[in-house]
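Everything numeric in this text was worked out from a predicted model, so none of it was measured. Both backbone and side-chain heavy atoms feed into the values below; hydrogens, waters and symmetry mates do not.
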Amino acid sequence: MSAVPSVAFLGYGATQTRLVDHLCDQGADVSHHTGPIRDFGDVDLVVSFGYRHILKPEVLATARRPVLNLHISYLPYNRGAHPNFWSWIEGTPAGVSIHEIDAGIDTGAVVDQQRLLVAPEGLSFRETHAMLIEAVEALFVARCADILAGRYRARPQSGEGTFHRMADLPDWMDDWDMPITEAIARHHG
């Protein structure tokens, strides 16, 4: 890695996450991308957070080291779409993970993760989503120096976990301000 690490940040921009500015504050040369990527070129590190495109194996192979993804679920639970919704509806662990991207969807080795331990009473999905975003950003900030330097050890995910597609979201779920307890009762009612 060069003296000034170059980072390709995929997905959310500086107005949506504090991580772009944080990486710059750490001395990284950050480029931001929202569109499809075909080659990572000479970039030292690639971080995906809120990126809406699937990175194909041939694109991942152009990266100097494993591409990292920030996911608002406690992997291996709630891989794929709407992890915050499904953790409450299915009673699976809620949390956040930083993981390496592989050929699967949210199946790569975990760099670090943290559980979110809150009760759903009095909370909406929008509120817990904000908590998860804050938690994954805090986890990345705490690990940023080690991540930039490549000083971390990723571990394979253990257990079967769960996975959901965008189409799995029930038709009645169209209000992220809905109280979580109301959605749980409706789903299981």
Side-chain angles (χ1 to χ4, degrees), residues 1-2 4-75 78-87 95-113 125-145 147-148 150 152 154 163-169 173-174 176-177:
M1 184 161 55
S2 58
V4 175
S6 57
V7 178
F9 199 92
L10 313 180
Y12 296 146
T15 60
Q16 298 157 305
T17 178
R18 64 184 170 128
L19 299 183
V20 174
D21 288 339
H22 181 76
L23 284 162
C24 291
D25 292 345
Q26 298 303 302
D29 178 18
V30 181
S31 60
H32 176 243
H33 308 271
T34 57
I37 301 287
R38 294 185 189 354
D39 186 327
F40 290 116
D42 292 333
V43 174
D44 296 312
L45 173 66
V46 180
V47 177
S48 171
F49 183 34
Y51 188 59
R52 299 291 181 199
H53 304 278
I54 300 292
L55 294 169
K56 297 182 183 201
E58 58 270 19
V59 174
L60 293 171
T62 69
R64 289 184 173 179
R65 57 190 243 204
V67 175
L68 299 182
N69 184 49
L70 282 62
H71 190 60
I72 58 169
S73 81
Y74 193 78
L75 295 173
N78 306 303
R79 296 176 178 127
H82 303 111
N84 180 42
F85 176 81
W86 292 109
S87 67
V96 298
S97 302
I98 301 171
H99 70 93
E100 295 177 345
I101 297 179
D102 62 10
I105 297 176
D106 300 323
T107 57
V110 173
V111 172
D112 205 349
Q113 60 188 164
F125 290 104
R126 188 176 313 280
E127 290 167 320
T128 55
H129 182 268
M131 290 175 187
L132 290 166
I133 293 293
E134 175 59 33
V136 78
E137 288 181 339
L139 184 62
F140 185 84
V141 166
R143 296 298 310 272
C144 188
I147 287 170
L148 282 170
Y152 62 84
F163 173 82
H164 295 93
R165 298 186 187 321
M166 295 286 283
D168 294 340
L169 192 68
M173 185 59 217
D174 60 357
W176 295 111
D177 290 314

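Here the CG atom belonging to Leu148 is positioned 6.0 Å from the CG atom belonging to Leu23, to the nearest 0.5 angstrom. Here the CZ-OG distance, from Phe40 to Ser31, works out to 10.0 Å after rounding to the nearest 0.5 Å. Within the model, atoms CD of Glu137 and CG of Leu132 stand 11.5 Å from one another, a figure rounded to the nearest 0.5 Å. Here CG of Leu45 is found 12.0 Å from CG of Asp29. Values are rounded to the nearest 0.5 Å. Interatomic distance, Phe140 CZ to Leu68 CG, rounded to the nearest 0.5 Å: 7.0 Å. Interatomic distance, Leu70 CG to Asp112 CG, rounded to the nearest 0.5 Å: 10.5 Å.
Between the side chain of Gln113 and the main chain of Gly95, no donor-acceptor pair closer than 3.5 Å is present. Counting only distance, with no hydrogens or angles, the side chain of His53 and the backbone of Thr34 share a donor-acceptor pair below 3.5 Å. Under the 3.5 Å distance criterion, the side-chain polar atoms of Asp21 are left unmatched by any main-chain donor or acceptor of Arg18. No donor-acceptor distance shorter than 3.5 angstrom exists from the side chain of Thr62 to the backbone of Gly41, with no hydrogens or angles considered. Within the 3.5 Å criterion, the main-chain N or O of Gly35 finds a donor-acceptor partner in the side chain of Tyr51. A donor-acceptor pair under 3.5 Å links the side-chain atoms of Asn84 to the main chain of Phe125, judged by distance alone. With hydrogens and angles disregarded, no donor-acceptor distance shorter than 3.5 Å links the side chain of Asp44 to the backbone of Val7.
Using a 4.0 Å cut-off between charged side-chain N and carboxylate O, Arg64 and Asp42 make a salt bridge.
Under the 30°/60° scheme for interplanar angles, the aromatic rings of Trp176 and His82 are found to lie parallel. Using the six-membered ring where Trp is involved, Trp86 and His164 have ring planes that are parallel, under 30° apart on the 30 and 60° scheme.
Taking both residues in full, the closest heavy atoms of Val20 and Gly13 are given as CG2-C, 4.1 Å, listed atom of the first, atom of the second, then distance. Nearest heavy atom pair, residue Arg65 against residue Gly150, reads NH1-N, 3.7 Å. The two atoms that bring Gly80 and Asp106 nearest to each other are N-OD2, 2.8 Å, heavy atoms only. In terms of heavy-atom proximity, Cys144 sits nearest to Gln26 at SG-CG, 3.9 Å. Scanning both residues, Ile105 and Arg79, for their nearest heavy atoms gives O-CD, 3.6 Å. Listed here is the closest heavy atom pair of Tyr74 and Ser97: CA-OG, 3.8 Å.
When side chains are defined from C-beta on, Ile98 does not count as touching Tyr152, because their heavy atoms never get closer than 4.5 Å. Two residues are said to be in side-chain contact when any heavy atoms from C-beta on lie closer than 4.5 Å; Leu60 and Asp102 fail this criterion.
A donor-acceptor contact closer than 3.5 angstrom is absent between the side chains of Ser87 and Asn78.
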Under the side chain to side chain contact (heavy atoms under 4.5 Å, CB included) rule, what do Leu55 and Leu10 come out as? Steps first, then yes or no, please. CA-CA 11 Å; Leu55 294 169; Leu10 313 180; 3.9 Å; yes
